[in-house]
Amino acid sequence: MLNKDTARGPTIDIMLNYRPLGLVHAKASSIDDELMAIDTGHIKLYKNAEVEVTIPLPNRQTQRFTAQVVQSGQMTVLALHNCSNKTMKQLNALPICANQVLGKLAFT
């Protein structure tokens, strides 16, 4: 589901399978070939934790892949793993791909 927040730009609702807690709702705000910026609200994910991401696609299908938390805090950043070329093509077609949030991050 695409959400439009005028201050932050579009987001997409996603689900994370995060072993310590189970399923966690998040909003993806930016994605590129290797990274995805997400907002988990008040839930903090541990750095280097592995998560399974489920993201809805416009054709009523979903895409699942694994990712690793590389930055946690006000904005959480995931490094995408095991994404096939087909998966990346589908993700790059999402409206959040145009956001430039990830290019401005300074990893600490």
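For clarity, every value in this text was computed on a predicted model and none was experimentally measured.
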- [ ] Rounded to the nearest 0.5 Å, what's the gap from CG on Leu80 to CG on Leu91? Could you check?
- [x] 7.0 Å
- [ ] Report the residues that fulfil side chain to side chain donor-acceptor pair (under 3.5 Å) with His81, sequence neighbours left out, ordered by chain and then residue number.
- [x] none
Open item on the list: Under a 3.5 Å distance rule, please check whether Ser72 uses its side chain to pair with a backbone N or O of Leu45 as donor and acceptor.
Closed with: yes
Task: Partner set under side chain to side chain donor-acceptor pair (under 3.5 Å) for Asn17, not counting sequence neighbours - done: none
TODO: Please indicate whether Glu50 has more than 12 foreign heavy atoms, meaning atoms of other residues, nucleotides or ligands, lying under 6.0 Å from its CD.
DONE: yes
TODO: Please examine the side chains of Leu78 and Val69, heavy atoms only from C-beta on, and report whether any two atoms are closer than 4.5 Å.
DONE: yes
Open item on the list: Just to verify, what does Leu21 make a side chain to side chain contact (heavy atoms under 4.5 Å, CB included) with, not counting sequence neighbours?
Closed with: Tyr18, Val24, Ile43
Open item on the list: Please enumerate all residues that pass side chain to side chain donor-acceptor pair (under 3.5 Å) together with Thr54, with sequence neighbours excluded.
Closed with: Arg64
Task: Distance (rounded to the nearest 0.5 Å) between Ile12 CD1 and Ile38 CD1 - done: 13.0 Å
- [ ] List for me each residue that meets side chain to side chain contact (heavy atoms under 4.5 Å, CB included) alongside Gln63, sequence neighbours excluded, and say none if there are none.
- [x] Ile55, Leu57, Phe65, Thr87, Gln90
Open item on the list: Tell me the closest heavy-atom pair linking Ile14 and Pro56, and the distance in Å.
Closed with: CG2-CD, 4.5 Å
- [ ] Mind checking side chain to side chain donor-acceptor pair (under 3.5 Å) for Asn85 and listing every partner two or more places apart, or none if nothing turns up?
- [x] none
- [ ] Please round to the nearest 0.5 Å and tell me the distance separating atom NZ of Lys27 and atom OG1 of Thr40.
- [x] 12.0 Å
Open item on the list: To the nearest 0.5 Å, what is the distance between CG on Leu23 and CG on Leu16?
Closed with: 9.0 Å
TODO: Decide whether Met36 and Met15 are clustered together by the hydrophobic rule: side chain heavy atoms of Ile, Leu, Val, Met, Phe, Trp, Tyr closer than 4.5 Å, transitively.
DONE: no
